[in-house]
Visitor: 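Let me give you the structure first, and then I'll get to my questions.
Convention: sequence-line order gives letters A, B, ...; per-chain numbering from 1.
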Amino acid sequence: MKKAGEIMHGSEIAIMRVLLIEDSLAEARLTREAFAETGIPHEVRHVTDGREATEFLCSDEVANAEWMPDLILLDLNLPVKDGREVLWEIKGNPRLSLIPVIVITNSEDPSDVDRVYRLNGNCYLTKPPDIDDFFAMIRRTVEFWWQTARLPKIV
Amino acid sequence: MEREPTDRDGWLSDRFGCWIRPARCLAAIAGYAVAGWWSFRFAGSLSPWIPIWLPSGIGVVVLLVWGAGYWPAVFLGAAIAIAIEFESTFGGGDLAWAAGIGAAAQTGGNLLATALIRLWVRWPNDISEGRKAIGFYLAGGVAGPLLSAAIWAPGWLRIGAFPDGTLVYTMAVLFLAGAIGFCLVAPLLLALAKPMADLWEGRKARFGVPLVVAFVSAVVLLAYVCGTVGRHMQADFRELTGRMASRVGKELNEISEALESLRSFWDGSVEVDRNEFAIVSRRYLDRHSGLLFLGWAPLIDSEESARLTEWVRSRADADPDPERRKRVAEFSIQALGEGESGAGGQVAPVVYVEPLGKDREWLGYDLAANEDYRRTIEQARELSFPVSTGPVGPDESGTHGTLAFLWVERGDEADLPAEPWSADRSGVAMAAVDAETIVKAVLKEFAGAPVGVAVADVTGIEIADAEDRGKTPPPFMICHGDKGPLRLSMGIGKARHAIPFADRQWEMEFRPGVALIPAMLSWEVPAVQAGVLMVSSLLGVLLLVTTGYTVRMEREVRERTRKLEEAEKDLRRSNAELEQFAYIASHDLREPLRTVTSFVQLLKRRYGGQLGEDAEEYIRHAVDGTERMRELIQGLLEISRVGIRGQPIAAIDAGEALENAIDNLQLAIGESAACIENEPLPTVPADRMQLTQLFQNLIGNAIKFKRDGNPAIEISAIRDGNYWQFSVKDNGPGIPEEHRERVFQIFQRLEPRQGGVEGAGIGLAVCRRIVERHGGEISVHGRECGGSEFRFSLPAEQNP
């Protein structure tokens with residue numbers, strides 16, 4: 001278990017690894033900006049559709065735990081393969097299901113919320129229209145998951 | 001030209017395909033024949049023309065409905081029907097020819113009518129348009145019957161069914177009969193036939209009943225007229241024949257008188273010799289062609305026969321005529337035929353006879369040898385007037401006649417000297433009457449009115465006028481006028497007249513003959529028929545047109561309603577599509593808008609201080625623009641949601657909805673210290689959320705757009721017919737009249753954006769959309785105190 005900023009033996013600084021599954025480049029850019037403002041060291045991998053996401057998660061990097069995401073930010077409406085299906089696949093995989101999946105989407109539909117939690121999504125966030133609010137939400141979310149909560153170690 | 005079997009007999013044609021045509025033919029023939037027979041039975045006695053109506057209508061209908069290919073059936077049927085009528089009306093004659101001609105005429109006329117109808121009216125078709133209806137009647141009621149009559153009349157004239165010189169009359173009546181038949185019967189039957197039945201969709205009663213009434217009325221009227229005319233004709237015939245009969249009677253009377261005068265001649269003479277007898281007889285013989293001969297036969301004992309013979313012969317020389325001298329010289333008493341002279345001890349030889357006669361040896365013939373004659377002589381002896389034998393003949397020359405005897409009483413035999421022998425005895429004067437000649441002469445005299453005469457001897461039989469005369473002895477003589485008598489009824493029956501002759505009673509029975517008709521023709525009957533035709537055709541056209549018009553109107557209305565409904569459905573559908581489009585569009589527009597907004601804001605955030613005042617201002621305007629767009633899109637989304645996200649309509653308590661709205665506005669109400677009052681509100685069919693939103697928007701507006709002081713809002717509802725009229729009154733600034741319609745439009749704001757009250761201007765547009773979705777209307781009105789009253793209606797009952 002790592003905590004951000006905690007100096008480990010071996011003088012490793014914990015870098016937060018985030019897999020961002022988002023089809024809109026603009027949104028991805030904003031999200032990256034938001035992350036940047038948090039000040040937390042991070043690495044972001046960005047895939048733009050559901051199939052790429054699956055491919056990445058099945059790739060050797062992830063399989064060999066060379067690059068294992070600490071958090072997955074998932075948009076629901078993805079091309080090729082829908083975000084809900086990706087969620088289902090992730091949470092169906094015994095190894096990957098440990099990774100917190102944070103769904104960030106435009107939809108306010110209660111049925112979507114319901115669906116996500118049934119699929120064992122970890123939380124459901126709605127993008128606020130105002131950019132300041134959005135940045136603040138990202139900050140709070142990242143701080144919560146990376147700093148307040150404890151994350152499992154995935155091998 | 002035969003039509004395909006219709007759907008109705010679709011199953012028929014499946015099973016019995018090849019049998020349909022023969023079956024129909026049979027049906028047509030049977031129908032035709034039955035109609036003809038039935039009509040004749042019930043109407044033939046009323047008028048000979050009525051029975052043509054039904055059959056002639058049937059023919060056209062068969063050809064129209066089943067196709068011209070059925071003409072053989074029509075021909076056969078017509079032939080049968082006409083044969084029935086011809087046989088009954090005209091009696092003998094060329095039945096086969098008559099039926100053939102009539103059938104050909106009918107079929108020809110029907111075919112023409114059918115062809116014309118198909119051509120002009122384009123049958124099968126709706127013949128209820130004025131022009132088409134008239135064309136229908138012209139084709140079937142005029143053209144067809146004209147052709148039919150043109151074939152029929154000359155044909156029947158040729159076979160003698162009608163007398164010469166009546167061509168026009170015959171054509172007229174046949175034409176009229178056929179035309180009436182078409183006008184009254186064809187439309188009735190067509191109304192039952194499939195194409196028309198479909199067209200008229202059960203309006204048959206409305207169409208058919210007047211026609212049936214017209215038909216019956218026509219029959220009754222024509223029967224009445226024909227009856228009246230017939231009675232007149234019968235009376236005329238009776239009068240005519242009466243004159244003829246009395247003419248015959250007069251002739252016979254004069255013959256009786258001849259006998260009387262012979263007797264008085266005898267009375268006034270001591271002795272009558274042959275010459276004198278001849279001269280006196282001549283007078284009558286010359287005048288009456290029916291008087292065959294006059295004669296004289298004394299009644300003597302048989303012993304005296306020889307002496308009489310001698311006496312007669314001895315008188316021969318006194319005769320100036322050599323021929324006669326010869327005959328008289330050879331005088332002898334004999335009996336002709338059967339009978340024996342002198343059988344009863346008495347003989348009555350014909351001593352004088354004038355003319356002498358070439359063939360018949362009356363001279364010397366012993367009357368007493370004939371049983372009948374002797375009896376008659378005995379009778380004559382009893383009576384003092386002529387007595388006649390019964391009918392005699394026909395003899396070798398085919399003559400019918402009778403002998404009349406008148407007893408001439410001479411002095412007592414005892415007074416007579418023994419020598420020389422004198423033939424001056426009592427005896428009989430006799431007259432031989434050729435009845436046939438008399439009758440024929442009278443018939444000739446009344447030339448131009450030949451009738452059939454049957455003369456019967458009805459002595460001793462009670463003569464009554466009743467038709468039932470089973471006891472009548474058969475006529476002993478039948479005479480004809482020209483061309484023989486036909487059993488032509490034409491409303492004229494036989495006329496009987498009694499004629500006495502001698503002591504006998506004859507009866508002359510006159511039957512109307514063909515040549516009688518010209519004198520008897522009346523134009524009343526055809527005139528009435530023409531009137532009937534005109535009325536029935538006009539009636540038919542009228543009925544056709546009005547019925548068809550009504551049906552067309554109804555159909556048009558139904559069609560229009562259907563189109564309207566379809567258009568409405570289309571409209572609803574396109575509205576729904578538009579709504580959906582607006583919803584999707586506004587929904588999808590939000591995302592890119594968010595992107596623009598976010599990055600402009602990011603720009604400001606990152607580089608805000610570094611770009612300068614102008615840039616700051618540009619960014620501000622850009623951000624304001626995006627903000628505005630967001631509001632507009634949000635408004636569009638909300639409006640389109642009214643239809644898309646609408647819940648099903650159910651019974652909702654409006655009071656509850658109002659309370660919900662007030663709850664939602666608690667903050668605003670509290671802040672503005674607004675006072676809201678409401679009367680009890682009904683339960684209406686509505687969408688709960690939308691009704692709540694409706695109240696919320698209206699009340700929210702009232703609070704937002706307030707004047708000085710606290711907003712006071714009153715809400716009420718009253719029932720107005722099928723609707724509930726709701727009313728929301730406020731004490732705000734009110735809305736000027738010129739804007740009262742605009743406020744309900746989307747994105748309309750009456751106050752300026754900057755510095756005014758916030759809001760996108762869609763609140764009232766949403767209200768209108770909600771109210772319209774429920775099937776009502778919303779409007780705003782002013783109040784005296786200056787505020788506004790919003791009135792909206794909701795249907796009180798849920799529409800299915």
Visitor: Looking at every heavy atom in both B:Ser598 and A:Pro129, which two are closest together, and how far apart are they?
Guide: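 Minimum heavy-atom contact is OG-O, 4.3 Å.
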Visitor: Within 45° of the axis and under 6.0 Å from the centre of the six-membered ring of B:Phe599, does NZ or CZ of A:Arg29 qualify?
Guide: no
Visitor: Any Lys/Arg nitrogen of B:Arg605 or A:Glu33 sitting under 4.0 Å from an Asp/Glu carboxylate oxygen of the other?
Guide: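 A salt bridge is absent here (no side-chain N lies under 4.0 Å from a carboxylate O).
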Visitor: Surrounding CE of B:Met689 (heavy atoms of other residues, nucleotides or ligands, distance under 6.0 Å), is the total greater than 12?
Guide: no
Visitor: Measuring from B:Glu591:CD to A:Lys127:NZ, what's the distance to the nearest 0.5 Å?
Guide: 5.5 Å
Visitor: Would you say B:Phe581 has more than 12 foreign heavy atoms packed within less than 6.0 Å of its CZ?
Guide: no
Visitor: Tell me whether the count of non-hydrogen atoms from other residues, nucleotides or ligands lying under 6.0 Å of CZ in A:Arg45 goes above 12.
Guide: yes
Visitor: Measure the spacing between CD1 of A:Ile131 and NZ of B:Lys604 and express it to the nearest 0.5 Å.
Guide: 11.0 Å
Visitor: Please check if atom CZ in A:Arg115 has more than 12 non-hydrogen atoms from other residues, nucleotides or ligands closer than 6.0 Å.
Guide: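 12 or below, so no.
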Visitor: Determine whether more than 12 heavy atoms belonging to other residues, nucleotides or ligands lie under 6.0 Å from atom CD of B:Glu613.
Guide: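 Not buried by this count: 12 neighbours or fewer within 6.0 Å.
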Visitor: Test A:Asp130 against B:Gln601 for side chain to side chain contact (heavy atoms under 4.5 Å, CB included), laying out the working first.
Guide: CA-CA 8 Å; A:Asp130 191 62; B:Gln601 284 178 333; 3.0 Å; yes
Visitor: Is B:Tyr607 atom OH crowded by more than 12 heavy atoms from other residues, nucleotides or ligands, each under 6.0 Å away?
Guide: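 Counting neighbours around OH of B:Tyr607, 12 or fewer heavy atoms of other residues, nucleotides or ligands fall under 6.0 Å, so no.
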Visitor: Based on non-hydrogen pairs under 4.5 Å, which of B:Glu627, B:Arg590, B:Arg606, B:Arg630 is most in contact with chain A?
Guide: B:Arg606
